[in-house]
Each structure stands twice: as structure tokens, then as C-alpha cells.
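Right, one structure below, let's go through it.
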Amino acid sequence: MSGVRRVDVLVVGAGPGGLAAAARLAAAGAGRVEVLEREQQAGGVPRHCAHGGFGTWTHPLTGPSYARLLAEGAARAGAVVRTGVTALDWAGPLALTTVSPRGPEKIEAAAIVLATGARERPRAARLVPGTRPAGVCTTGELQQAVHLYGQRIGSRAVVVGAEDVSYAATATVRASGARVVAMVTDLPRAQAAPARALDARLRHGVPLLTGTTVTELLGHGRLSGVRVRHRDGRSAVLPCDTVVFTGDFVPDHELARRGGLVCDPGTRGPAVDGALRTSRAGVFAVGSVLHPVGSAATAAREGARAAGAVRQWLAGGDWPGAVPLVVSEPLRWIAPHRVTPADRHGRYVLRSTEPLTRRVLRVTQDGRTLDRVRVRSSLPSALVPYRTTLTLTARWTHRVDAKGGPVRITVD
Amino acid sequence: MTVTAQGPLPERPYDVAIVGAGVVGCAIARALARHPGLRVALVEAQDDVGQGTSKANTAILHTGFDAVPGSLEARLVREGARMLAAYATESGIPVEPVGALLVAWDADQLARLPRLAEKAERNAYRDTRIVGPDELYTREPHLGPGALGALHVPGESIVCPWTTTLAYATQAVRHGVDLHLGCRVTRASRQDGEHLLHTDRGTLRARFLVNAAGLHADTLDRLLGRQDFTVTPRRGQLIVFDKLARPLVRHILLPVPTALGKGVLVAPTVYGNVLLGPTAEDLDDKRATGSTAEGLSALREQGRRILPELLDEEVTAVYAGLRAATGHEDYRIAAHRENSYVTVGGIRSTGLTASLAIAAHVVELLADAGLDPGPARDLEPVRMPNLGEAFPRPHQRADLIAADPEYGTLVCHCERVSRGEIRDALASTIPPRGLDGLRRRTRARAGRCQGFYCGAAVRALFEEATR
């Protein structure tokens, strides 16, 4: 390995979060801004989301066009986007070892932005019993197979999950010429916009089995079916040759953990404060690695926000200590995961495990109430999905005692 | 070099046919390959070598400290362990001598440790040592609370079972053994002093026959008119945890065997994962390689006690293997001179460790049964691609990448498998015939994402090479 190369900002991951941060930083004259992307193409997950829902209301885009736009934007702003380069490990507090076809390299930076994204939990991690036949995948693999490589999948697929990503998987199965036998969710109803769920059921005739769990995969060689059990105890086999496990995202946090960054027990990703600062001075994190999984727009917005914080740091800013944010049932996690009194801008994203009947959150620190907030949601409560994402404004943060105990968020 | 997976079989009779290309069958084929005068066929029902018990075990290179003293198994494990350790070094098979700790969780188990140490002595293994709780927790700081002590067996190692089997088979094929895959033996007969093996790819003729059919060894025995033993499949379910769990454990953590069974272990793997298992379920169905909800939940419960933090880590794989139990506490290896036939049955979980010694033993038995092996030669060594994390992987080698940038192009990110390694595997002596075979050879798609990122890309490389 030949010495150490220095850059000003090193961004790991060329998805929406990383590219947006790099574009802003390069445009603002932050010096050499380099983005490392281990895939051969920049753009992250939107590369293989061959459907709409990206861009803005006035300028709607498909995933692949959005990915291209972001990558071009970062390059035009002057950031160096290097594809086919893997960040392997840390070589110091602000240095990474990498490998590419050009060989290994050590790169040191004044600031590092982790934008490593999230992935769906595969079958094994969900501990779904049964044999190990071919024909088992996640949405990520399915979309790449169909949209990037034009590969054939099977002819009859079961889609596990009923969230937005599950409906995207359903569309991809259909685009490949295969049939969706059923969608299966252990929850009592679909976790997507009602119009989308209805469209799949009525226009495309895809049955949705609610309150139903996949209990076993069947078949030697190729999948022959999945055994499902309804919560009333009935059990059945759905014959199929493909099963797609959708959703259940986990952050790709390997680099954060290898670096010993403090991770949040709820999201499992690196814990950051409102300025997206991790536990290590000079290391920031943005996008779905923080809150699996947000939209591309959320990641990009965070990237832009992190750019401001990175510039402050480069200009000699300090790295204030942050107080942990702690949620309790039925809330599952909150992001950002730490707070400083200076975190005035931005908002918090919360995930709950069940629909909130009372939607007022109380923010306290050491027994002192900092705020009571009505959480915002675009849907009436009867339609709020079970594993719902809520947002909370940051209007209470200036009341936080930087030397106090953890700040607790509870459902009032 | 002959590896076939379809089409008719050669008509010319072989001197020896080995049925079953598991770790034992492949080791026997390799041993016979030392004799250039012999025509040897290795016949396998599946589409790859090592597809039965050999691929779904706990991947431990045993010392044989707890074998039944005086048994054939004890001797072959002891000899085989030494032979395999040397062979692994020569062939690039990853081995890590991490040592084992038999952890005592109650007074009864603690009281058993001295007897286990004595048994080890009787098996000529003298390095065991009983350690107290202080040393135990220093050695294993993440061990769950309540352990009272342990028996330290420093010689126990972890090994790549898959590379071992493939190395034997590769070396055998390169030295003239014909490997016939996809060749299930459905009937066997004898005619004019020759065995006729009727398979779904036609009939194969051989003067001598070696039954290394593992789980199906009793079936083949019956086809030949013998009823020496019955193989009962014993299912072992295992959970593999992600590499981020690897720092949690340093040794193979074995349970103290009790009357109730051997219990489950927690062990690192040479790939840098952590293994939890196996269950032990006696079944009738030799195809029941599925995992069950009950099995997995029992494993997690026991794992939580042994290594509580392990359960917070992501699971990368769950698998179930069937071990060949015969109801006898020893191997069932026997020559039947009148039939020119050697049975290699009841090879239990120690078969991987003992494989090279079993092979040497079988060659002797074949000679006893009348086979003249002719002159012997030294085999050209094989050098296997390294899948072990304790040794430099291709992406960590600047020299390799400088010579061929394909080793610096990573395709499978979780396991850091380069396009160069995938290309090499697809062009190897015994190429994979499916994505699972490619995974075993390279670890591509074997990591935490299970193909979320790389599945389609790996498939594209495979399909391009096999089109």
C-alpha cells in the first residue's frame, strides 16, 4: 500500500444521501470531495427502482432517472464520484482503507460522511424455516435481476409484505411476465396508501392475505411452495416457484460498527445528533443507514443538511457532546438519535410498532417536560399504517440540558 | 481430466468405482489416484461433490479427545487429524487452531470434566487442562453468566469442510479419476466378476466397488444383497451469524456431553462467522434437510445462555444437515472379499477429520480384497482458492490485483468476493453447476445480504460463463 492520500471530504456511498451531500459540499467550495461507491454505477437503490415516485411534484422522475440526475449533479458540482471502489475498514479516526481494480489505497479526510444505506432482511435473517431451494429473494435482488439484467425469474411468485416496497416488488414480478400468487402480511392490513393496495387487489387481482405468516419454504432444488398460517390457526400451501421477502430494512452499518461508532439500539445504525454528527469527531452519517428505510428524498434532504454541518466542522467548528434520545413502547426508534441544544432545525423521524390511538408525544429530560407535541401524519388515524413513520419538529431542543440525562420521548 | 454431469457413461470397465462424492468418497478417490495403473470412477447422485453431510456440518477438525478409546473411529480420527492438518497447509485449505472449551454450567457437568480429561489421555491426547471460571471468562469475556469452569482442548481447530472436499476431488480428477455427477445408482448386480451399477445415466462396470454413499450407504448395501446396518438420518439444524459477531467468541464452545445428548455448540467459522447448533433429531426421511421453527427456537434459547450477545447479531444462514447414524458407536468399515466390495458406513460427524486416514485404510482393505493397486506416485499438490479470513483473501493482496485487476473488482460486497475469484471458480477443474455451487466455491451470496446487492450480478456472471 503506497502511503496515504488526503482529501477534504470522503463520502462513502453514492446513493441519494451521499450524492446530495457531495454535490452541496463541492458546490460550496469544500475542496476535494470524493465519493466512494462499491457498485459499478452511482445512484444507490433508485438505480433499480424502475417506477415513479422520485423527483418532485413539479418534476416527477423514475428511480433510474433520479439516480442519474443526482450522480450528474454531484459530478457537475465538482465532486469526484469513484465507482467500483470499496471502503473496507478504518485506517485511523478519519482514514479508510479501500480497494479497487487499481489496488488498495488509504485515504485520509478532514471529514467523512457515511451514506451506506439499508438493505432488506433476507429469508435466513427472518428465520423462516424450511428447505433452501432456489427462487428465494428480496426486492433488491428481484429489481436488479429484472430491471438491470433482464433475467427471468420464476412464473408464480408470493410476495411477503404489504408495504410500499412490497407493491413495487409486485409490479416488478408482473413486469417480468410472472404472476403474483398472493401478497402475505402478518399485519391486519396493508401498510401502503389505500389507493395502491386497492389497485393491486382490484386491477391486478393480487390477493392480500392479512394476519398470515409464512411458516415454511418447500421444495428441493427449486421452490415448490410456501406454507402459510393464518392467525386463526388455518394453514395452507401456496404453490409457487418464487418468493420475494420485502421490507424489514436494516442499515448497512458494517463500516460504522467496524469503526467503533456508537450505534443506536433501535435503528441499529450509527447514532447522530441533529447536525448528523456521529460519536466520532469528523464523522457524519446520512440517509437510510440512520433510519431504515426512508425515501430517497429524505436521504437527499439529509445529505444537503449534513453538507452544512460538514462545512462548519471544516471551518474549525467544535464537536459538541450530545444527549441520547430514548423512546419507549410502542415507539420503536427515533432518528436523529441524539440531541444538542443547538439542534434547532430539521425534524425527527419516529417509528412505532402499532397505530397510535393517542398521538401526543411528551418530551422529557430528568423528569422535566420539555414539550408536548401532536405528531403529524398525512393520513387519518384509521388509515395510519401499523409500522408507521411519524415526524416530530425540533422546537423543544433549546430546552435540553447538554449536561443532563437522556431525553425521553413517550406517548402521552 | 474427466468430469461429466450428463450423457452416457464410459463402457470400458473401471478397476474401482466409488459411490458417493462426499468428503470420504473424494478422499478415497484421491488415495487411489496415487496409483496410475488403476482406472477409477467416482460416482455421485447430486450435481456437485460434497452435497450431503459433507456440506452441512459443524466444520471442526477434531483431536479425537472424546472418541471411544480403542475404536476404529478413535484411531482414524487421531491419524486423520494429523494428515489433514498437513494437507490443509499444502493445499491452502483454511484451518484455524482456535482450541475448544467444554463449558460446565452446573456442578454435575463440572464433576464430569476430570473423566473427560482421562478419556482424552486414553485417546493419546494429553494437552487438555481444566480451567476455573476466572480463566474461562478471561478467555471468553462474552460468555453468559453462570459458567463454573471448562475443559480446555487446545488442539481442536476449525476448518473449511467445503474446500477440503473440493481439494480431494480436484486432485483426484487431475490425476485421472473420472468424476460422474448426476449419476444416481438405482440397481446393482454382478456379472462375470464385475459389478454392474445401473444408474439413471446408464450402466457403469467396475471390478471393485467402494460404498461411500453416506446417508444412503445402507440402501446401496441392500442393493448388493447385504443388510449389515441401517442408517438413521439424524438432523442437525444450524444457525450462522454474521461476521460482526465474530469478535464475541474466541474458542469452539462445546457443551459437556451428558446422558441427554451432546448439546449445542457455539463456534467461529473460518469464514469469520459464528455457528450455533446443531440440533439432534432422529428422522426417517433422508431428504428432510429443512429447518423447523421448533429447532431454531430451541437453538436460540440455548445460544442465549452460552453467548447472550450473539442473539442480537444478524443471521446470515440457517441450514440443516443429516448425519449418518447407525446405532453403533463406531464407523462401519468392512471389506467383503468374496464380493470385491468395501463398505464405508456410519461415518459420523468426525468423518471430515478422519477422511484421509479412512481413505488410506480403505486402500489397504481393497488390497486385502484382492485389488493389486500397482505402483504408486506422489500427487502434484493442489492450491485451493482461500476462503478463510485468517489468511489474505485476494482483495487484500496488492500483488494479485496489480497482476490482475479483476481481483480488485468486488462483486459480492458482504463476503468481499472479487470478479476474479468468480471467474476462476467457473473455469476450475470441477466447475459449479449452479449458484449454490458457486457460493460454496467463492462465498459469493453467502453474506448478510444474501443477494440483495449482488444476487443478480453474480447470476449474470454465472450465466455468461455457462451459456
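Throughout, protein chains are lettered first and strands after them, A, B, ... in sequence-line order, and every chain is numbered starting at 1.
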Looking only at Gly455(B), Gly408(B), Gly295(B), the option with the highest number of non-hydrogen pairs under 4.5 Å against chain A is Gly408(B)
Okay, Tyr407(B) and chain A: the region with an atom under 4.5 Å from a heavy atom over there is neither
Name the region of Arg268(A), side chain, backbone, both or neither, that has any atom closer than 4.5 Å to a heavy atom of chain B. side chain
Examine whether an atom of Val250(A) lies under 4.5 Å from a heavy atom of chain B, and if so say whether it belongs to the side chain, the backbone or both; otherwise answer neither. side chain
For the interface with chain A, which of Asp312(B), Leu435(B), Thr316(B), Leu244(B) has the highest count of heavy-atom pairs at distances below 4.5 Å? Leu244(B)
Residue part contacting chain B, namely of Glu216(A), when any heavy atom lies under 4.5 Å: neither
Does any backbone or side-chain atom of Tyr319(B) lie under 4.5 Å from a heavy atom of chain A? Answer side chain, backbone, both or neither. both
Is any side-chain heavy atom of Val417(B) closer than 4.5 Å to a side-chain heavy atom of Val411(B)? no
What part of Gln40(A) lies closer than 4.5 angstrom to a heavy atom of chain B: side chain, backbone, both or neither? side chain
Tell me whether Arg222(A) contacts the main-chain N or O of Asp241(A) through its side chain, where contact means a donor paired with an acceptor under 3.5 Å. yes
Using non-hydrogen atoms only, which part of Leu296(B) is less than 4.5 Å away from chain A: side chain, backbone, both, or neither? side chain
If we count only N and O atoms by modelled type, under 3.5 Å, do the side chains of Arg459(B) and Gln144(A) hold a donor and an acceptor together? no
May I ask you to check whether over 12 heavy atoms, not counting those of Arg234(B), lie within 6.0 Å of atom CZ? no
Heavy-atom distance under 4.5 Å to chain A: side chain of Glu463(B), backbone, both or neither? side chain
Donor-acceptor check, side chain of Ser291(B) to backbone of Gly130(A), threshold 3.5 angstrom: yes or no? yes
Taking Lys55(B) for its side chain and Gly321(B) for its backbone only, find out whether a donor-acceptor pair lies under 3.5 Å. no
Based on non-hydrogen pairs under 4.5 Å, which of Gln396(B), Arg419(B), Arg300(B), Arg416(B) is most in contact with chain A? Arg416(B)
For each of Asp436(B), Leu400(B), Ile401(B), tally heavy-atom pairs with chain A at distances under 4.5 Å, and name the one with the top tally. Ile401(B)
Distance-only, no hydrogens or angles: does the Thr215(A) side chain make a donor-acceptor pair with backbone N or O of Arg227(A) under 3.5 Å? yes
Does a side-chain N-to-carboxylate-O contact under 4.0 Å join Glu389(B) and Arg246(B)? no
Under 4.5 Å from a heavy atom of chain A, the part of Ala457(B) involved: both
Go through the atoms of Thr131(A) and report whether side chain, backbone, both or neither lie under 4.5 Å from a heavy atom of chain B. both
At a 4.5 Å cut-off on heavy atoms, which part of Leu142(A) comes close to chain B: side chain, backbone, both, or neither? neither
Side chain, backbone, both or neither: which part of Arg257(A) has a heavy atom under 4.5 Å from chain B? side chain
Under 4.5 Å from a heavy atom of chain B, the part of His48(A) involved: neither
Under 4.5 Å from any heavy atom of chain A - which part of Glu294(B): neither
So, Glu415(B) side chain and Arg443(B) main chain: donor-acceptor pair closer than 3.5 Å or not? no
Ignoring hydrogens and geometry, is there a side-chain-to-backbone donor-acceptor pair from Asn386(B) to Phe391(B) under 3.5 Å? yes
Do any N or O atoms from the side chain of Glu39(A) and from the backbone of Gln41(A) form a donor-acceptor pair under 3.5 angstrom? no
Look at the aromatic rings of Phe249(A) and Phe452(B) and report parallel, tilted or perpendicular, splitting at 30° and 60°. perpendicular
Chain A contact via Arg287(B) - which portion, at a heavy-atom distance below 4.5 Å: both
Is it the side chain or the backbone of Ala402(B) that comes within 4.5 Å of chain A heavy atoms, both, or neither? neither
Establish, from distance only, whether the side-chain atoms of Glu281(B) and Gln237(B) form a donor-acceptor pair under 3.5 Å. yes
Whatever's closer than 4.5 Å to a heavy atom in chain A on Arg448(B) counts as both
